Student: 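First, the structure itself, so that you have it in front of you.
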Amino acid sequence: MITDLRQAQWKKWKDAKSRPGSTDEDDEAILDHDGEGMGTVGAVAIDSKGVLAAATSTGGMTGKPDGRIGDTPIIGAGTWADNRVAVSCTGVGEAFIRTCAAHEVATRVKAGDSLADACGNMLDMVAPLGGRGGVIAIDSKGNIAIPFQTMLMYRGYWKNGEVMTGIGPDLSSH
Ligand code: ASP
């Protein structure tokens, strides 16, 4: 499927001879959800019995090599859920794979970190490998963390009847 937005992004990537993918404004590489479009979708949830689940879907990185498998479908890299946390990541997948990023959050929570610290520390670990990105996570107590190091991350959550959404740094209630 060819759209004007994605074709323009592809051309920008090709003209700039950027490396495949990257999340941010500095190095011109393009995620499928850069610009006005949205591509990668992550979801984490806890049910009334305390069961946690995570899911992630993506179009990958602009300019990705044929056959590339990013972090998204790799359980433990871009997506993870166990009985403590559910985690879904977005960003340059290669760096999330190299750090087993989603599982890293679980490891840190198991070791006693708060969910927010675990997510923030994981992103700090991924960033130096060229993987600036974001993560959404929920723990078994219903704590939510949605930090990101990119300019924007479309995100939202529902908790106890309250809906919060945000694109830039701030969240607003609905
Ligand atoms: N992590 C995805 C990938 O590397 C891309 C994304 O999150 O937008 O394929």
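Just so we're clear, the structure is a prediction, and the values are computed from it rather than from any experiment. When a ligand or atom number is given, it counts from 1 through the structure's own listing order.
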Student: Is there any N or O on Gly93 that sits under 3.5 Å from an N or O of ligand 1?
Tutor: yes
Student: Any nitrogen or oxygen of Gly91, side chain or backbone, less than 3.5 Å from one on ligand 1?
Tutor: yes
Student: Step by step, work out the side-chain contact (heavy atoms from CB on, under 4.5 Å) result for Asp82 and His103.
Tutor: CA-CA 9 Å; Asp82 60 19; His103 189 266; 5.7 Å; no
Student: Listed by chain and number, what are the side chain to side chain donor-acceptor pair (under 3.5 Å) partners of Arg108, not counting sequence neighbours?
Tutor: Glu104
Student: Quick check for you: to the nearest 0.5 Å, what is the distance between Thr90 atom OG1 and Phe96 atom CZ?
Tutor: 7.0 Å
Student: I'd like to check which ligand 1 atoms, numbered from 1 as shown, lie under 4.0 Å from a non-hydrogen atom of Thr72.
Tutor: 1 (N), 2 (C)
Student: Return each pair, listed once, that meets side-chain hydrogen bond (donor to acceptor under 3.5 Å, both in side chains) where at least one residue sits in residues 161-170; pairs must be two or more places apart or across chains.
Tutor: Glu162-Ser173, Thr165-His174
Student: In Å, rounded to the nearest 0.5 Å, how long is the span from CD1 of Ile138 to NZ of Lys159?
Tutor: 7.0 Å
Student: Just go through Thr58, Asp71, Thr56 and tell me whose heavy atom is the nearest to atom 1 (N) of ligand 1.
Tutor: Asp71
Student: Which residue from Glu94, Arg68, Lys64 reaches closest to atom 4 (O) of ligand 1 through any of its heavy atoms?
Tutor: Arg68
Student: What part of Thr90, side chain, backbone, both or neither, has a heavy atom within less than 4.0 angstrom of ligand 1?
Tutor: both
Student: Would Tyr157 and Ile146 count as a side-chain contact (heavy atoms from CB on, under 4.5 Å) here? Give the steps.
Tutor: CA-CA 9 Å; Tyr157 65 79; Ile146 45 180; 3.9 Å; yes
Student: Show which atoms of ligand 1 fall inside a sub-4.0 Å distance from at least one heavy-atom site of Met61.
Tutor: 3 (C), 4 (O), 5 (C)
